[in-house]
Visitor: 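Before anything else, here's the structure in question.
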Amino acid sequence: MLSAVPRTPLRCLCTPRRPRSSGTAGSRPPRTMAGPPGLKPLVAVGQVTSTPDKELNFAACAGLVREAAGRGACLVFLPEGFDYIGSDTAQTLSLAEGLDGDIMGRYAALARDCGVWLSLGGFHERGRDWPTTQRIYNCHALLDPTGHLVAAYRKTHLCDVELEGRVTMKESSFTNPGTEILAPVSTPAGKLGLSICYDLRFPEISLALRRAGAEILTYPSAFTVPTGSAHWEVLLRARAIESQCYVVAAAQTGKNHERRTSYGHSLVVDPWGAVVAQCREGPGLCYAEIDLEYLHRVRREIPVHGHRRPDLYGTVAAAGLAPAP
């Protein structure tokens with residue numbers, strides 16, 4: 001009988017601009033980075049309602065980042081479309097910028113001012129090929145506390161779905177797919193593997209990032225209500241369980257414009273598959289400690305990574321990513 005025992009989940013429920021809650025009975029409250037050495041790193045996960053108004057969106061996101069930094073978070077996650085969500089394709093393309101543009105410059109300054117890492121998932125990026133393609137990239141940008149762009153992952157799986165009478169999306173009609181999976185990035189909270197939204201439905205990415213050394217998987221998202229209510233939590237917990245990683249998923253919530261409403265429920269899942277932090281309704285933040293000792297205990301006690309049978313079904317690996325020692 002294996003000795004791994006799931007910990008009591010800590011659920012940090014956040015509503016607009018309210019202090020962090022104390023969690024469920026018997027759970028440990030999140031601890032900040034302030035205080036004596038040995039405390040576990042704290043991450044903050046944002047939930048916002050982006051609109052086509054880039055100025056209002058930046059003000060809302062900057063407020064959350066400053067609040068999280070004030071509570072001791074070392075890494076703040078914002079969702080897909082944190083910069084804006086356009087009301088139609090023409091507006092989406094017209095508002096896009098390059099990574100060297102004004103919006104990313106302002107977030108770089110924000111990271112420096114607050115001294116935090118920023119995971120900015122789902123930036124509408126005009127790449128170098130914009131003049132010839134007139135198409136953008138869905139880019140997950142990672143900034144360090146100096147404001148330096150450490151990594152830029154471009155979404156590889158584009159969301160083309162049609163739920164009859166409910167949701168129609170064709171991201172590939174105006175977005176270029178990314179061409180590579182990035183190596184996990186070392187941060188104060190752990191080694192971070194970057195993905196975006198619809199990538200969540202493809203476990204191959206999570207397994208490839210786990211093989212390359214990831215300890216935290218990120219899925220900044222803008223799920224719709226029909227797909228979110230059916231699939232959001234179960235997919236995130238599955239990715240955590242199969243990879244034995246923390247999973248962090250910042251989300252859009254509420255009415256983005258007259259034709260779109262997002263599901264919300266930003267959350268953090270631990271390597272056992274327990275939801276340890278979650279936002280409910282409205283913009284706000286939830287917080288979670290990242291316990292890498294616990295992660296490695298889970299991996300020791302159920303060593304699925306070492307039990308794989310590549311002789312039977314091959315190895316899930318990403319081109320150019322070396323396996324972790």
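Every heavy atom of this structure was used, including side-chain atoms; hydrogens, water molecules and symmetry mates were not. In this chain, residues are counted from 1 in sequence order.
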Visitor: Can you get from L192 to I290 by hopping between Ile, Leu, Val, Met, Phe, Trp and Tyr side chains that sit under 4.5 Å apart?
Guide: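 Same hydrophobic cluster.
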Visitor: Taking all non-hydrogen atoms of both residues into account, name the closest pair between Y198 and H157 and its distance.
Guide: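 Closest heavy-atom pair between Y198 and H157: CD2-O, 3.6 Å.
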Visitor: Is I241 linked to Y219 within one hydrophobic cluster, defined over Ile, Leu, Val, Met, Phe, Trp and Tyr using a side-chain heavy-atom separation of less than 4.5 Å?
Guide: no
Visitor: Mind running side chain to side chain donor-acceptor pair (under 3.5 Å) on S119 and H140 for me, showing each step along the way?
Guide: CA-CA 7 Å; S119 164; H140 185 165; 2.7 Å; yes
Visitor: Do F123 and I103 come within less than 4.5 Å of each other through their side chains, counting heavy atoms only?
Guide: yes
Visitor: Nearest 0.5 angstrom please: Y246 OH to D291 CG, how far?
Guide: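 Reported to 0.5 Å precision, the distance equals 4.5 Å.
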Visitor: Do V268 and L118 belong to the same hydrophobic cluster, where Ile, Leu, Val, Met, Phe, Trp and Tyr are linked whenever their side-chain heavy atoms lie under 4.5 Å apart, directly or via other members?
Guide: no
Visitor: Whether the side chain of S221 engages the backbone of I196 through a donor-acceptor N/O pair (distance < 3.5 Å, no angle test) should be reported.
Guide: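 Here the side-chain-to-backbone pair does not exist.
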Visitor: Do R106's NZ or CZ and the ring of F58 fall within the cation-pi criteria of under 6.0 Å and 45°?
Guide: yes
Visitor: Could you go through the side chain to side chain contact (heavy atoms under 4.5 Å, CB included) check for I302 and H307 one step at a time?
Guide: CA-CA 9 Å; I302 308 181; H307 292 162; over 6 Å; no
Visitor: Can you tell me how far OG1 of T133 sits from CZ of R128, rounded to the nearest 0.5 angstrom?
Guide: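 The distance works out to 14.0 Å.
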Visitor: How close do K191 and G213 get, counting heavy atoms only, and between which atoms?
Guide: CD-O, 3.4 Å
Visitor: Where the side chain of R299 meets the backbone of Q244, is there a donor-acceptor pair that is under 3.5 Å apart?
Guide: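 Such a contact is found between R299 side chain and Q244 backbone.
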Visitor: Do L143 and L149 make a side-chain contact, defined as non-hydrogen atoms from C-beta onward lying under 4.5 Å apart?
Guide: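 Contact flag for L143/L149 side chains = yes.
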Visitor: Name the orientation class of the two ring planes belonging to Y107 and F82 (parallel below 30°, tilted from 30 to 60°, perpendicular beyond 60°).
Guide: perpendicular
Visitor: Could you walk me through whether E293 and R297 pass salt bridge (charged side-chain N to carboxylate O under 4.0 Å, His left out), step by step?
Guide: CA-CA 6 Å; E293 291 183 6; R297 172 189 163 191; over 6 Å; no
Visitor: Can you check whether W130's main-chain N or O pairs, donor with acceptor, with Q134's side chain at less than 3.5 Å?
Guide: yes
Visitor: Taking side chain as C-beta onward, heavy atoms only, is D83 less than 4.5 Å from L120?
Guide: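 Side-chain contact under 4.5 Å: no.
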Visitor: Just by modelled atom types, is the V316 backbone N or O under 3.5 Å from a matching donor or acceptor in the Y313 side chain?
Guide: no
Visitor: Determine whether L99 and L93 fall in the same hydrophobic cluster, where Ile, Leu, Val, Met, Phe, Trp and Tyr are linked whenever their side-chain heavy atoms lie under 4.5 Å apart.
Guide: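 They do not share one cluster, since no chain of ILVMFWY contacts under 4.5 Å joins L99 to L93.
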Visitor: From C139 SG over to N176 CG, what is the distance, rounded to the nearest 0.5 angstrom?
Guide: 12.5 Å
Visitor: Using a 4.5 Å cut-off on heavy atoms from C-beta on, say whether the side chain of R154 contacts that of E125.
Guide: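 With C-beta onward as the side chain, the pair touches.
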Visitor: Just so I know, are the side chains of L236 and E233 near enough to count as touching, which here means a heavy-atom distance under 4.5 Å?
Guide: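 No. Closest side-chain heavy atoms not under 4.5 Å.
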Visitor: Just by distance, do the side chain of R135 and the backbone of S172 share a donor-acceptor pair under 3.5 Å?
Guide: yes
Visitor: State the CH2-OG1 distance between W117 and T146, to the nearest 0.5 angstrom.
Guide: 8.5 Å
Visitor: List the steps, then state whether side chain to side chain contact (heavy atoms under 4.5 Å, CB included) holds for R211 with T315.
Guide: CA-CA 10 Å; R211 183 173 183 267; T315 298; 3.4 Å; yes
Visitor: How many angstroms lie between atom CG of N138 and atom CZ of F174, to the nearest 0.5 angstrom?
Guide: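 Between atom CG of N138 and atom CZ of F174 there are 8.0 Å.
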Visitor: Kindly determine whether H296 and E215 satisfy side chain to side chain contact (heavy atoms under 4.5 Å, CB included), including the steps that lead there.
Guide: CA-CA 9 Å; H296 291 295; E215 296 164 322; 3.4 Å; yes
Visitor: Measuring only between side-chain heavy atoms, which start at C-beta, is R239 closer than 4.5 Å to P203?
Guide: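 Answer yes - side chains close enough.
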Visitor: Rounded at 0.5 Å granularity, tell me how far OG in S243 sits from CG in L295.
Guide: 8.5 Å
Visitor: Identify each donor-acceptor pair in which a side-chain atom of residues 178-187 lies under 3.5 Å from a protein atom, sequence neighbours left out, and give them as a table.
Guide:
residue, atom, partner, partner atom, Å
T187, OG1, A189, N, 3.2
T187, OG1, G190, N, 3.3
T187, OG1, G190, O, 2.7

Visitor: Which heavy atom of E97 sits nearest a heavy atom of G101, and at what distance?
Guide: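 Of all heavy-atom pairs spanning E97 and G101, the closest is OE1-C, 3.6 Å.
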Visitor: Could you list the donor-acceptor pairs under 3.5 angstrom formed between side-chain atoms of residues 247-257 and any protein atom two or more places apart in sequence or on another chain?
Guide:
residue, atom, partner, partner atom, Å
Q252, OE1, S50, N, 2.9
Q252, OE1, N256, ND2, 3.2
Q252, NE2, S50, OG, 3.0
Q252, NE2, E80, O, 2.9
Q252, NE2, G81, O, 3.2
N256, OD1, R260, NE, 3.3
N256, OD1, S262, OG, 2.7
N256, ND2, S50, O, 2.9
H257, ND1, R259, N, 3.1
H257, NE2, G86, O, 3.1

Visitor: Transitively linked via ILVMFWY side-chain contacts under 4.5 Å: L194 with Y137?
Guide: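 Looking at the clustering, Y137 is in a separate group from L194.
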Visitor: Going by heavy atoms in the side chains, are C286 and Q278 under 4.5 Å from each other?
Guide: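 Of all side-chain heavy-atom pairs linking Q278 with C286, none is under 4.5 Å.
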Visitor: Which heavy atom of L78 sits nearest a heavy atom of V65, and at what distance?
Guide: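 L78 and V65 have their closest heavy atoms at CD1-CG2, 4.3 Å.
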Visitor: Hey, are the side chains of H124 and T92 touching, using non-hydrogen atoms and a 4.5 Å cut-off?
Guide: yes
Visitor: Please walk me through it: do S195 and L209 pass side chain to side chain contact (heavy atoms under 4.5 Å, CB included)?
Guide: CA-CA 10 Å; S195 298; L209 288 169; 4.0 Å; yes
Visitor: Taking all non-hydrogen atoms of both residues, which atom of W232 and which atom of Y263 are closest, and how far apart?
Guide: CD1-CE2, 3.7 Å
Visitor: Taking all non-hydrogen atoms of both residues into account, name the closest pair between A111 and D144 and its distance.
Guide: CB-O, 3.6 Å
